[in-house]
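Atoms considered below: every heavy atom in the structure, side chains included; atoms not considered: hydrogens, waters and symmetry mates. Order of listing sets the numbers, starting from 1, for every ligand and every atom in it.
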Amino acid sequence: MQLEVKDLNTYYGESHVLQDMSVAVNNGEIVALLGRNGMGKSTTLKSIMGLVKPKSGSILFQGKDITNYPPYKTAKIGIGYVPEERRIFPNLSVIDNLKMGIKHGAGFKNTGRNKWTIDRIFEHFPFMKARTHQKGALLSGGEQQMLAIGRTLMGNPDLLLVDEPTEGLAPVMVQEVRDILKEINKTGVSILLVEHNLKVAMSLANRVYLMGKAHLGFTGTKAELDARPDIRAKYLEV
Ligand SMILES: Nc1ncnc2c1ncn2[C@@H]1O[C@H](COP(=O)(O)OP(=O)(O)O)[C@@H](O)[C@H]1O
Ligand SMILES: [Mg+2]
């Protein structure tokens, strides 16, 4: 198991927004985390990153206990995060946005299979090469999403946490973002994907976790979920 999240309890003030939440990702896998709005999907990713602190529970990454790691240490150990609000730098050029993703300092893995360079990013995202010096703000929503993904890849993650990457995108861009996630996964990066588009999620993931309010409602393979319309009706928008 690459990532093993067990029994997380996370609070915002008095509000108990994760109750014994568990999720796991194997090396090389794409796993989908699904559920209606407000269930706690984003909070699960933020808890893994260390952006919010769980009160109890454990997070293991490659066998190492990272439960109380601050975000920079979580990134350093090989977990990349693409937040729901894409947060690209609107006044920086495409290439400068990518360079912001480079992680410096001792301990960052800058070799091996998951070593990303600007040229390699351009191979996967050709539009960026054509628009290297254009400001982020001038990109379309889908292009900004891809820039946010590309920037995170520049940190050479082994696991990507991606929050609602197709939200608000035109259908053709939804497809492009889907395809790029598939391609990135093929390079050896595992992905924990929060996604509201069930079709997109099911076309990428082999295993799914469905959240009810604050807790895990169902987990199984794609085939197991396909066989359970009752579960889909209970936990997903239909
Ligand atoms: N910063 C915050 N402060 C207080 N409550 C929050 C905060 N962020 C999210 N929540 C609440 O926590 C719950 C889970 O939110 P979230 O993890 O964003 O859900 P999801 O991503 O599944 O839509 C919701 O009830 C939401 O209103
Ligand atoms: Mg969310």
Side-chain angles (χ1 to χ4, degrees), residues 3-25 30-59 66-72 74-75 79-88 141-142 144-149 151-152 157 159-169 173-174 177-178 181 190-205 207-220 222 225 228 231-238:
L3 176 76
E4 210 166 355
V5 175
K6 264 204 186 133
D7 298 329
L8 286 191
N9 285 280
T10 298
Y11 293 76
Y12 290 121
E14 299 282 281
S15 182
H16 192 179
V17 295
L18 294 185
Q19 298 173 15
D20 294 327
M21 181 58 194
S22 299
V23 57
V25 181
I30 303 182
V31 169
L33 176 58
L34 310 173
R36 295 195 172 87
N37 268 337
M39 297 296 103
K41 304 178 301 294
S42 296
T43 304
T44 301
L45 299 190
K46 287 174 188 167
S47 299
I48 296 167
M49 269 327 277
L51 290 160
V52 298
K53 261 201 184 325
K55 249 198 184 129
S56 66
S58 62
I59 304 166
I66 64 161
T67 311
N68 289 307
Y69 273 29
Y72 84 93
T74 313
I79 303 182
Y81 173 53
V82 185
E84 206 167 354
E85 331 70 40
R86 289 153 202 151
R87 286 209 217 108
I88 61 142
Q144 290 188 16
Q145 181 63 60
M146 289 193 258
L147 182 56
I149 294 169
R151 187 181 64 193
T152 302
L159 168 66
L160 262 189
L161 313 179
V162 192
D163 201 347
E164 306 265 15
T166 69
E167 195 181 18
L169 302 186
M173 286 316 268
V174 168
V177 168
R178 190 215 85 94
L181 290 173
S190 356
I191 299 176
L192 177 54
L193 172 69
V194 171
E195 179 54 68
H196 66 282
N197 184 323
L198 184 64
K199 230 172 136 180
V200 166
M202 290 295 104
S203 74
L204 287 170
R207 291 194 308 117
V208 289
Y209 290 82
L210 303 189
M211 285 192 81
K213 185 80 191 160
H215 70 280
L216 184 61
F218 169 89
T219 181
K222 176 177 144 33
L225 180 61
R228 293 294 301 273
I231 293 280
R232 289 203 301 278
K234 185 168 178 194
Y235 293 107
L236 299 169
E237 320 282 355
V238 269

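Put simply, atom 12 (O) of ligand 1 has protein non-hydrogen atoms near it, under 4.0 Å away.
The nearest protein atom to atom 19 (O) of ligand 1, hydrogens excluded, is given as Gly40 N, 3.1 Å; this is a heavy-atom distance. Given atom 8 (N) of ligand 1, the protein heavy atom at minimum distance is Tyr12 CE1, 3.4 Å.
Of all atoms in ligand 1, numbered sequentially from 1 with element shown, those under 4.0 Å from a heavy atom of Thr43 are 14 (C), 15 (O), 16 (P), 17 (O). Applying the 4.0 Å criterion to heavy atoms of Lys213 picks out, from ligand 1, the atoms 25 (O). Shown in contact with Ser42 at under 4.0 Å from a heavy atom are these atoms of ligand 1, numbered in order with element: 17 (O), 18 (O), 20 (P), 21 (O). Within ligand 1, counting atoms from 1 as listed, the ones closer than 4.0 Å to a heavy atom of Met39 are 19 (O), 20 (P), 22 (O).
Separation of atoms CG (Leu18) and NZ (Lys46) is listed at 11.0 Å; rounding is to 0.5 Å. Going from atom CD1 of Ile48 over to atom CG of Leu33 covers 8.0 Å, rounded to the nearest 0.5 Å. The distance from the NE2 atom of His215 to the NZ atom of Lys213 is 11.0 Å, given to the nearest 0.5 Å. With rounding to the nearest 0.5 Å, the separation of OG1 in Thr44 from OH in Tyr209 is 11.5 Å. Taken to the nearest 0.5 Å, the CG atom of Asp163 stands 8.0 Å off from the NZ atom of Lys41. For the atom pair CG (Leu204) and CD1 (Ile30), the distance works out to 4.5 Å, reported to the nearest 0.5 Å.
For the Mg ion (ligand 2), the N/O/S atoms of Asn37 include none lying under 2.8 Å.
Residue Gly38 holds the heavy atom nearest to atom 23 (O) of ligand 1 of all those in Ala214, Gly38, Ser47.
Checked by distance only, ligand 1 and Val17 stay at 3.5 Å or farther apart across all their nitrogen or oxygen atoms.
With Leu181 as the fixed residue, the side-chain contact (heavy atoms from CB on, under 4.5 Å) test singles out one of Thr166, Val200, Leu193, Val82: Leu193.
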